[in-house]
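Counting convention: from 1, in listed order, for ligands and their atoms alike. We number each residue from 1, following the sequence as shown.
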Amino acid sequence: MNQPTPGKLRQSPAWKALQAHQAEIAQVHMRELFARSPERAQEFSLEAGALLLDYSKHRVIGTTLALLIDLARQAGVEAWRARMFAGEHINASEDRAVLHVALRSALEAFPAGNDVMPLVRKARQGMRAFSDAVRGGRLLGHSGKPMRTVINIGIGGSDLGPRMLVQALWRHADAAQAVHFVANADPDDLARVLSQAQPESTLFIVASKTFTTGETLANARLARAWLIDGLHSEAAVSKHFAAATANVKAAAEFGIAPELCFSLWDWVGGRYSVWSTVGLPVAIAIGMDRFEELLAGARAMDEHFLRAPLEANMPVLLALLGIWYANFFGAESHAVLPYAEALRELPAYLQQLEMESNGKSVDRDGQPVDYATVPVVWGAVGTNSQHAFHQMLHQGTHLVPCDFLVPVATTGAAAENALAQAAALMAGKDASLAQRRFDGNRPSSTILFKTIDPNTMGQLLALYEHKVFVQGIIWNINSFDQWGVELGKEIARTLAQSAAAAAEAGMDASTNALMRRLRAWRG
Ligand code: F6P
């Protein structure tokens, strides 16, 4: 691959051209751009499947986009995309392929030479049989009662995706089937959920690719104790626990019956795993037919990403616009604003997707990068967010590009509010009193879609996955490892042992003092 080495990206022709161009564009107000071109809204919008992306409220002109596309070409985005879809080990630091796209593929065999589709099909069949049995009341617990409460125990990618989708797709779910999520190391999380559950009708799904994650195992053990205590039987565990994992051995040791252990593989990253058996809670909530619609939606976006020219490729455009602000305007954060109560959990999901993937400061060769990578991704559901932090978006000192995600069918006045916010951020408003003045010229994308249904959600999530991929390629980083989460885990394990172990591990004076206080206060 002809990748720029450190220092080289910023010295590269495409980067330098963008820098020079930025100096011109920085002087221009978007109001002027709209005044200049009556066609601007059409020119800078794109439809793909169910999604309409309006990117006209960005500080770009045709030249900007052409230069950004040059940057993508210079980075070899097309070649890297082909390598991912060919199943090459592009996750080099873990020596793994990146094949979440296989999880939604409809191909008979994929990828060529390393066909994983038989595994994928088998897992889908298992999910169908299992979710049908749960929904149909045919999966019986230890005392012969159907499982009416499902509790997913997992964290990070084994929690955020299914949690977000169960919330998003509640209109498509079976109301008789309660599906809860527990993630936190704080046992309060589990306790709250268990306080509403009956052991004889509760099914736990332990979702953990590695089956070694501290929080998940601790919660799973607490849940197992609660179950055994409630049903007075250890044998109940094999009926009330299922798992989604790549570590079948550890799941079996925990007591999970082989027929309730659903496979996962090392070529699926945690934050890309909602399409796999990690999606079981979603399949139970909405049924496997609808889950397949979710996969079909993602597949449609995969096709678009693979086939559309870069200039008309939605994930590529979103990626490039993000790079434009992060690297050429110094924007340090990016707001995600879904205008739908059902999408309340989406910002948290996208936080992991974007920041765990691209929160890196060394390149693929381990050399420090000398440019910004992923900005802080944050956000909240609109219209609530308007009454919390939009003041800063409109009049604060930071430039915060925003994504407005606007489903229109069931969201009432929320949709109009989203459009109003985007318009106000762009145009601003003059006033004689400085405090009442809005400078405007604040960029946003608007993604409009009709409804929040499984297919559309599949498209939307795959859109962001591919956006993250393209940015990672341009920044020349590995988007698919996450070594940065390891050190804290390691230290937490030491601290959990004893104060002596912490002291022995040579912890700093501050942590040691806090540990002493923590233990004293706990008595
Ligand atoms: O802590 C980071 C992480 O490894 C995530 O990438 C992952 O989604 C999460 O932990 C959970 O991991 P597992 O599914 O192995 O329990």
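- Using cut-offs of 30° and 60° on the angle between ring planes, the pair F254 and F211 is perpendicular.
- For ligand 1, the atoms sitting less than 4.0 Å from at least one non-hydrogen atom of G157 are 7 (C), 8 (O), numbered in the order shown with element in parentheses.
- Separation of the W80 and F469 ring centroids does not fall under the 6.0 Å cut-off.
- Under a 4.0 Å criterion applied to the non-hydrogen atoms of V485, ligand 1 contributes the atoms 1 (O), 2 (C).
- Comparing heavy-atom distances from atom 14 (O) of ligand 1 across G488, A244, S158 singles out S158 as nearest.
- Between E356 and ligand 1, at least one pair of N/O atoms sits closer than 3.5 Å.
- For ligand 1, the atoms sitting less than 4.0 Å from at least one non-hydrogen atom of T210 are 13 (P), 15 (O), 16 (O), numbered in the order shown with element in parentheses.
- Counted by atom type alone, D453 and T451 present one or more donor-acceptor pairs between their side chains at under 3.5 Å.
- Less than 4.0 angstrom separates some heavy atom of T213 from each of these atoms of ligand 1: 12 (O), 13 (P), 15 (O), 16 (O).
- The contact set between ligand 1 and I155, taken as ligand atoms under 4.0 Å from a residue heavy atom, comprises 9 (C), 11 (C).
- In this pair, H466 and F305 present their aromatic rings parallel. The plane angle is below 30°, not in the 30 to 60° band.
- Listed by atom number, the atoms of ligand 1 under 4.0 Å from S208 heavy atoms are 13 (P), 14 (O), 15 (O), 16 (O).
- Looking at Q482 against ligand 1, only its side chain comes within 4.0 Å, counting heavy atoms.
- Residue E259 places its CD atom among more than 12 non-hydrogen atoms of other residues, nucleotides or ligands, all under 6.0 Å distant.
- Looking only at distances, a side-chain donor or acceptor of S276 sits under 3.5 Å from a matching main-chain atom of S273.
- Distances below 4.0 Å separate heavy atoms of K209 from the following atoms of ligand 1: 13 (P), 14 (O), 15 (O).
- For ligand 1, the atoms sitting less than 4.0 Å from at least one non-hydrogen atom of K489 are 1 (O), 4 (O), numbered in the order shown with element in parentheses.
- Note on ring orientation: taking the six-membered ring where Trp is involved, the planes of F204 and W226 are perpendicular (angle over 60°, cut-offs 30° and 60°).
- A donor-acceptor contact closer than 3.5 angstrom is absent between the side chains of N476 and Y371.
- Residue-ligand proximity: E486 is placed with every non-hydrogen atom at 4.0 Å or more from ligand 1.
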